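On a predicted model such as this, the values are computed, not experimentally measured, just so you know. For the single chain, residues carry numbers from 1 onward in sequence order.
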Amino acid sequence: MEGLGKTIIFIGVLLVIIGLLITFFEKLPFGLGKLPGDIYIKRDNFTFYFPLATSIILSIVLSLIFIIISRFTK
């Protein structure tokens, strides 16, 4: 159970760091947020943005990171 607690703390710290980077840096690295698969619709009084491609790429990267972390912690 101790390992689970450390993992949750690590994930929390990682999320805080990512949040701070996104907050203080105007542009996201590698064009994230403006990829060809992201849906952006702007009309007169309406703006809709759904970062589909960005979400998929972030999901793949985070999955790989967690797989690598889990292999080192065993």
Side-chain angles (χ1 to χ4, degrees):
M1 199 59 120
E2 182 180 320
L4 179 64
K6 288 181 180 181
T7 304
I8 291 173
I9 291 172
F10 176 75
I11 292 170
V13 170
L14 185 65
L15 287 174
V16 167
I17 291 170
I18 291 171
L20 289 172
L21 288 174
I22 290 173
T23 302
F24 291 116
F25 290 108
E26 202 169 297
K27 290 186 175 183
L28 292 174
F30 311 113
L32 289 176
K34 295 182 181 180
L35 296 174
D38 294 342
I39 299 170
Y40 180 74
I41 300 171
K42 187 173 183 180
R43 304 278 164 99
D44 294 331
N45 296 327
F46 176 75
T47 302
F48 177 75
Y49 177 69
F50 184 69
L52 183 63
T54 301
S55 299
I56 292 170
I57 289 175
L58 287 176
S59 175
I60 292 169
V61 168
L62 288 174
S63 294
L64 291 173
I65 289 171
F66 289 130
I67 288 170
I68 291 169
I69 289 172
S70 70
R71 290 196 180 166
F72 283 122
T73 58
K74 285 186 180 181

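With rounding to the nearest 0.5 angstrom, the CZ atom of Phe50 is 11.5 Å from the CD1 atom of Ile41. The distance from the CG atom of Leu4 to the CD1 atom of Ile9 is 10.0 Å, given to the nearest 0.5 Å. Note that CZ of Phe66 and CG of Leu14 are 6.5 Å apart. Values are rounded to the nearest 0.5 Å. One distance of note links CD1 of Ile11 with CD1 of Ile69; it measures 7.5 Å at 0.5 Å rounding. To the nearest 0.5 Å, atoms OH (Tyr49) and CG (Asp38) are separated by 4.0 Å.
Paired with Ile56 under the rule side-chain contact (heavy atoms from CB on, under 4.5 Å), one option of Ile60, Thr54, Leu58 passes, and it is Ile60.
When atom types are taken as modelled, the side chain of Ser55 and the backbone of Pro51 share a donor-acceptor pair closer than 3.5 angstrom.
Between Ala53 and Gly37, the shortest heavy-atom contact is CB-CA, 3.6 Å.
Placement of Ile67 and Phe10 in two distinct hydrophobic clusters is found when ILVMFWY residues are connected by side-chain heavy-atom separations under 4.5 Å, directly or transitively. The hydrophobic cluster containing Val61 does not contain Leu52, counting ILVMFWY residues as joined when their side-chain heavy atoms lie under 4.5 angstrom apart, directly or transitively.
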